[in-house]
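Comments concern the structure below.
In this text, all values refer to a predicted model and were calculated from it rather than measured experimentally.
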Amino acid sequence: MKVIVTENKIQGGAKAFEIFEKGIKNGAKVLGLATGSTPETLYQNWVESDLNCSDLISINLDEYVGLKPDNPQSYHYFMQKHLFDKKPFKKTYVPDGMTEDVKSFCKEYDQIIKDNPIDIQLLGIGRNGHIAFNEPGTPFTSTTHEVKLTENTIKANSRFFDNIDEVPKSAICMGIANIMSAKKIVLMAFGEKKAHAIKEMLEGEISEEVPATILQKHPDVTVICDEAAAQELDDKYKN
Ligand code: PGA
């Protein structure tokens with residue numbers, strides 16, 4: 001994995017945008033996108049750029065079960081607000097958190113990913129090493145599935161809700177096999193709370209107990225972290 005350490009998340013977002021822009025100019029058409037605090041500086045750079053997105057397809061990692069797309073806490077809403085309203089894409093896919101048949105929906109989503117192989121996949125990382133909502137213990141062979149959120153993830157995400165009881169208890173999420181099928185992966189992490197997960201991801205034993213460790217097996221991963229997230233890493237990673 002290639003590691004890029006930036007001073008802060010503003011510079012990290014600019015660096016991530018550079019990679020996406022270069023990839024798109026070189027022909028990338030299908031982007032796997034992510035939500036959360038981490039990608040915000042990337043999307044800021046994106047909307048301020050003159051990059052034309054009208055030929056691009058995006059496939060998002062996940063969505064809460066039970067939230068309508070117009071709910072401000074939904075990941076649909078996040079993507080519209082931070083990127084798609086300002087940079088229209090040819091087609092955008094975000095899992096349907098309101099589907100009445102989650103199992104069939106997950107199969108359809110897998111088919112969408114098969115039909116539109118992802119050129120560049122964006123990821124964040126959880127403090128416990130989760131990628132998207134793939135929590136510790138998720139099989140590396142998993143495809144799109146419904147996830148029961150752990151107490152820790154519910155607690156971490158409650159900062160976006162009025163109170164913790166409003167945080168949905170489950171989500172629809174691309175599986176680890178879907179993520180690994182992307183041609184290129186860009187993982188961003190900012191802040192000291194991510195430092196241990198970053199160290200484990202790069203140097204820990206590959207284990208389903210730390211989902212991000214599977215990325216050691218992917219041939220093209222770039223990790224962008226700020227100095228705080230890189231604080232447990234040896235100097236060899238620092239540029
Ligand atoms: P965050 O979430 O970007 O809001 O820190 C990342 C994650 O938990 O995957």
Validation row: Phe20, Leu51 side chains within 4.5 angstrom (heavy atoms)
no
Which other residues belong to the hydrophobic cluster containing Phe161, where Ile, Leu, Val, Met, Phe, Trp and Tyr are joined when side-chain heavy atoms lie under 4.5 Å apart, directly or via other members?
Tyr64, Leu67, Tyr75, Phe133, Val147, Leu149, Ile154, Phe160, Ile164, Val167
Matching residue for Gln80 among Asp70, Thr92, Asp85 - test: side-chain hydrogen bond (donor to acceptor under 3.5 Å, both in side chains):
Asp85
Nearest 0.5 Å, please: how far is CG in Asn116 from NZ in Lys91?
10.0 Å
Single-linkage hydrophobic cluster Ile176~Leu202, side-chain heavy atoms < 4.5 angstrom
yes
Side chain proximity check, Arg127 to His196, heavy atoms < 4.5 angstrom
no
Gap between atom CZ of Phe84 and atom OH of Tyr77 - 0.5 Å precision:
15.0 Å
Does the pair Lys87 and Ser49 meet the rule for a side chain to side chain contact (heavy atoms under 4.5 Å, CB included), with working shown?
CA-CA 10 Å; Lys87 285 282 179 192; Ser49 76; 4.1 Å; yes
Kindly indicate, with the supporting measurements, whether the criterion side chain to side chain contact (heavy atoms under 4.5 Å, CB included) is fulfilled by Thr138 and Glu208.
CA-CA 6 Å; Thr138 307; Glu208 289 178 351; over 6 Å; no
Value rounded to 0.5 Å, distance of OH in Tyr43 from NZ in Lys81
13.5 Å
Using the test salt bridge (charged side-chain N to carboxylate O under 4.0 Å, His left out), find all partners of Glu18 that sit at least two apart in sequence or belong to another chain.
Lys15
Treat each ILVMFWY residue as a node, draw an edge where side-chain heavy atoms are under 4.5 Å apart, and state whether Ile19 and Ile10 are in one component.
no
Below 4.5 Å, heavy atoms only, C-beta onward: do Thr144 and Ile172 meet side chain to side chain?
yes
Taking Leu122 as the starting point, is it possible to reach Phe89 by hopping between hydrophobic residues whose side chains are less than 4.5 Å apart?
yes
If two hydrophobic side chains count as joined below 4.5 Å and joins carry through other members, does Leu31 share a cluster with Val94?
no
Rounded to the nearest 0.5 Å, what separation is found between the CE atom of Met174 and the CD1 atom of Ile179?
7.0 Å
Near Asp101 CG, under 6.0 Å, is it more than 12 heavy atoms from other residues, nucleotides or ligands?
yes
Which heavy atom of Gly124 sits nearest to which heavy atom of Leu187, and what is that distance?
O-CD1, 3.8 Å
Please round to the nearest 0.5 Å and tell me the distance separating atom CG of Asn157 and atom CD of Glu166.
13.5 Å
Donor-acceptor pairs are to be reported for all side-chain atoms of residues 55-62 against protein atoms at under 3.5 Å, with residues two or more places apart or in another chain.
from	atom 1	to	atom 2	distance (Å)
Asn60	ND2	Leu33	O	3.4

Give the cluster check for Ile185 versus Ile206: same hydrophobic cluster or not, with ILVMFWY residues linked at side-chain heavy-atom distances below 4.5 Å.
yes
So, using side chain to side chain contact (heavy atoms under 4.5 Å, CB included) as the criterion, who are the partners of Asp96 when residues are at least two apart?
Met98, Thr99, Phe105
Under the 3.5 angstrom rule, does the side chain of Asn8 hit a backbone N or O of Gln11 as a donor-acceptor pair?
yes
Under the rule for side chain to side chain donor-acceptor pair (under 3.5 Å), what residues qualify as partners of Gln73, not counting sequence neighbours?
none
With a 4.5 Å limit on heavy-atom distance, are the side chains of Gln44 and Phe17 in contact?
no
For Lys169, does the NZ atom have more than 12 heavy-atom neighbours from other residues, nucleotides or ligands under 6.0 Å away?
yes
Shortest non-hydrogen contact from Ser74 to Pro69?
OG-O, 3.1 Å
Among side-chain atoms of Ser54 and Asn52, is any donor-acceptor pair under 3.5 angstrom?
yes
Just checking, any donor-acceptor pair under 3.5 angstrom between side chains of Glu135 and Thr153?
yes
Heavy-atom side-chain proximity of Tyr237 to Glu232 below 4.5 angstrom:
no
Report yes or no: does Glu63 contribute a side-chain atom to a donor-acceptor pair with the main-chain N or O of His76 at less than 3.5 Å?
yes
Could you walk me through whether Tyr109 and Asn178 pass the side chain to side chain contact (heavy atoms under 4.5 Å, CB included) check?
CA-CA 10 Å; Tyr109 212 67; Asn178 301 119; over 6 Å; no
Atom CD1 of Ile198 and atom CD of Glu203: how far apart are they, to the nearest 0.5 Å?
11.5 Å
Nearest atoms (heavy-atom pairs only) where Leu42 meets Ala16
CD1-C, 3.8 Å
Side-chain touch His82/Pro39, heavy atoms, less than 4.5 angstrom
no
Locate the shortest heavy-atom distance separating Asn134 from Ser142; write the atom from each residue and the value.
OD1-OG, 4.2 Å
Show every donor-acceptor pair shorter than 3.5 Å between a side-chain atom in residues 212-229 and any protein atom, with sequence neighbours excluded, or say none if there are none.
from	atom 1	to	atom 2	distance (Å)
Thr213	OG1	Ser207	N	2.9
Thr213	OG1	Ser207	O	3.1
Thr213	OG1	Val210	O	2.7
Gln216	NE2	Met201	O	2.8
Gln216	NE2	Gly204	O	2.9
His218	ND1	Asp220	N	3.0
His218	NE2	Ala182	O	2.6
Asp220	OD1	Lys184	NZ	3.3
Asp226	OD1	Gly191	N	3.0
Asp226	OD1	Ala228	N	3.4
Asp226	OD1	Ala229	N	2.9
Asp226	OD2	Gly191	N	3.1

For a quick test of reading the model, state the closest non-hydrogen atom pair linking Ile113 to Ile118 and the distance between them.
CG2-CD1, 4.2 Å
So which heavy atom on Ser170 is nearest to which on Glu146, and how close?
OG-OE2, 2.9 Å
Are Lys194 and Phe190 in a cation-pi contact, defined as NZ or CZ under 6.0 Å from the six-membered ring centre and within 45° of the axis?
no
